[in-house]
Amino acid sequence: MKVGHWKLVGLVGVIIAVLGGVTALFVREGTGGTLRDICQSILNSEFMSHGHCYLWEPGLVWLHVGSDSVIALAYFSIPVTLMVFIAKKRKTFIRSVVILFGLFICLCGFTHLFAVYNVWNGAYWLSGSVKAATAAVSLTTALFLIRSLPVALSIPFPDEYNKLASELGTESEGRVEAERRLRARMEVQTQQLWRSNSRWKLLTEFVYSVVWVTDTNGKVSQEMPSWEAFTGQTHAEYKEWGWLDAILPSDRVALAEHWKECVRDEQPYEFETHLWSEERNAYVPIITKGMPIRDQSGEVHEWLGAIYDLSAIKEQEVALASTSRRLEAKNKQLEEFNHVASHDLREPLRKVQAYGDLLEEDFAGDLPEEAVRYIGIMKSAANRMSGLLDEMLEYSKVSSVDLRIEKLDLNSLLRRVLEDLEMAVTEANAVVRLGELRTVDADASQLEHVFQNLLGNAIKYRSPERPVEIQVDFERLSSDELNQRCQVSIRGQGPWAVISVVDNGIGFDPQHADHILGAFKRLHGRSEYEGSGMGLAICNRIVERHNGLLKVDSVEGKGSTFRVILPVIDHADSIESRA
Amino acid sequence: MSEVRSNIIIVDDDSEDVELLSRGLKGASSNYDIVHLSNGLNLLDELEKRATGLSGRLPDLILLDLQMPVMGGEETLAAVKSDNRFRSIPVIILSSTKSQRDIDALYQLGANSFLSKPDSLEGYSKATRLIDSYWLQLSQLPRHLS
């Protein structure tokens, strides 16, 4: 379509060029004779020149000639300007319109030129031809313009352009803002990445523990500076499976098997072994733990792990074991000393008591009343000391006698205890309620001693204001439950059997709770309550020997709660009780 | 009827205990001949002398303390009970021990009874009265050949 256009335009151009050339010749030759003669057949005619129509009136003739000449000149100048314009604006659409328009104007110029020419000559055929050419070109231009109207309309005028430009400006401001925000976010993320990278670097290179990285098959490819520093292996030595050479030879097969298993199952890896230490020139005890690192899709991307040097811990364990042995021996000695001391102290004490009696019996009549009173005080003190020695002996016995741990039914154990305490219970008119009691693992005679003491105390330290009520309950708790419930910090597995003895007696200030479990500790004067202050110390020692804990809570004036916390040994039983 | 006087040997290094015991025994009966020896070796010598007729007759009862210098109660008990001539003499162990294990061991060695040393004069009186009534009055002890 476009090519056809250009053909038409070209044809019109050729016609105009020919016509223009001929006209120029005529204009140049003016009134000359030779050329005019040659072209006379084309240019001359029998027609009367146009000047005749003006009756050769000079004014009228020059008016037309002048006007047509000026118009022609002006018309010829326009295509030149348009040529400059299209040379600058290389737009196809504009170029074709402008060329057509230029031709049209140019031809218009020629028609006016021939109008001047025809004032003196009657070459109406020629001027008619030029007019026809002009008509053809103008029609083409008109049609072309109509067709091109939509395109022309879309070309913005300066005011429209300004508006568009300002809109564009706003939009671009938004874009700049968005870009600024994006950049800021990128900056933050880059910072985070950098920080996390630094941390990683720090972890892998500067910490004392060894960090290792392997590919998804469990082989090492990356450099591991901490491994290098610890084992002395070079990258070439430890890469792939070379790292196994740094493991204690007798452990290598088992470790490699376990490692491959974990890699295959994508399970966390843990192994305790010995690793060669370059620094100590020996295999040192270590524990290593590793985890698969997954990407966003959940695929294992690599394995990352760390190695902890257990040397210090192992040394501490050995030291602790030896300290513990020494302590045990010391304890044994102390217990023996306690036993012997309480035994040997008894000898002179017996003399004081017996000779006190002798003095009283043989000479009471000769002595003043005051002296007899002094003898009484002396004897009573000696009696108390005798009681203390008994308790001391009991305390040392509790520690030295071998425990016979067996499964005990708490119901029957407490019934036995209550039978022994029957007199005291009846005298105090005490109500003792037993909750749902289960079995515990303990030494029968020692645990009996504990409850004899606890229930005896609950009756002894009763409140004068209310009838004695004692509640004995049983619970089985996990370590966490126990720590939470009883405000203790027990570690270890559990479960625990907790037997609580709750009374409504006089209670005591809770700040003495730990104090009263010590040997010879008393909260009350002898005149108020009898006792050596060894009862709870013995209970505490018994529970401790069972790897348990005696916990005391009390509210002064309201009552006390004693909890005997014992480890549950029988696993099957604990399952049954949970079911 | 002339009463047969009971012949008792107390073996104890603690003279005060001996005094208290003697006093108690004398309080129970005035019919005792009490000899005091301070260790096991002295007892074995004394028994040997009496067995060979050098002095008196064998005792009716031995009260033996455990903790003594030179020869302790356990060793002495073993020696007495392993000698056929002295085996039938009742030996009552005197001690302040309350350890059942110690007590059991002593019975194993042939002790006839065990007496915890009393804390009071009254205790001594009670103990000696019991000794008198059971070991010296009620029980039919074999007569020793002199």
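Owing to the predicted nature of the structure, the values given are computational and were not obtained by experimental measurement. We name chains A, B, ... by the order of the sequence lines, and we start the count at 1 in each one.
Remark: Tyr107(B) OH is packed, more than 12 non-hydrogen atoms of other residues, nucleotides or ligands lying under 6.0 Å away. Within 6.0 Å of CD on Glu544(A) lie more than 12 heavy atoms contributed by other residues, nucleotides or ligands. Taking a 6.0 Å sphere around CD of Gln108(B), one finds it holds 12 or fewer heavy atoms contributed by other residues, nucleotides or ligands. Gln452(A) CD: more than 12 foreign heavy atoms inside a 6.0 Å radius.
Smallest separation of non-hydrogen atoms from Tyr124(B) and Arg350(A): OH-NH1, 2.8 Å. Minimum interatomic distance between Leu121(B) and Asp357(A) (heavy atoms only, all atoms of both residues): N-OD2, 2.6 Å.
For a residue to count as touching a neighbouring chain, one of its non-hydrogen atoms must lie under 4.5 Å from one of that chain's; by this rule Gln67(B) touches chain A with the side chain only. Contacts of Asp14(B) with chain A are made by side-chain atoms alone, with heavy-atom separations under 4.5 Å and no backbone atom involved. Looking at Glu360(A), there are no atoms closer than 4.5 Å to chain B (heavy atoms on both sides), in backbone or side chain.
Highest contact tally toward chain A, considering only Glu19(B), Glu16(B), Glu122(B), is held by Glu16(B) [criterion: heavy-atom pairs under 4.5 Å].
Counting heavy atoms from C-beta on, the side chains of Arg346(A) and Lys117(B) never come closer than 4.5 Å. Between Leu358(A) and Arg23(B) the shortest side-chain heavy-atom distance falls below 4.5 Å.
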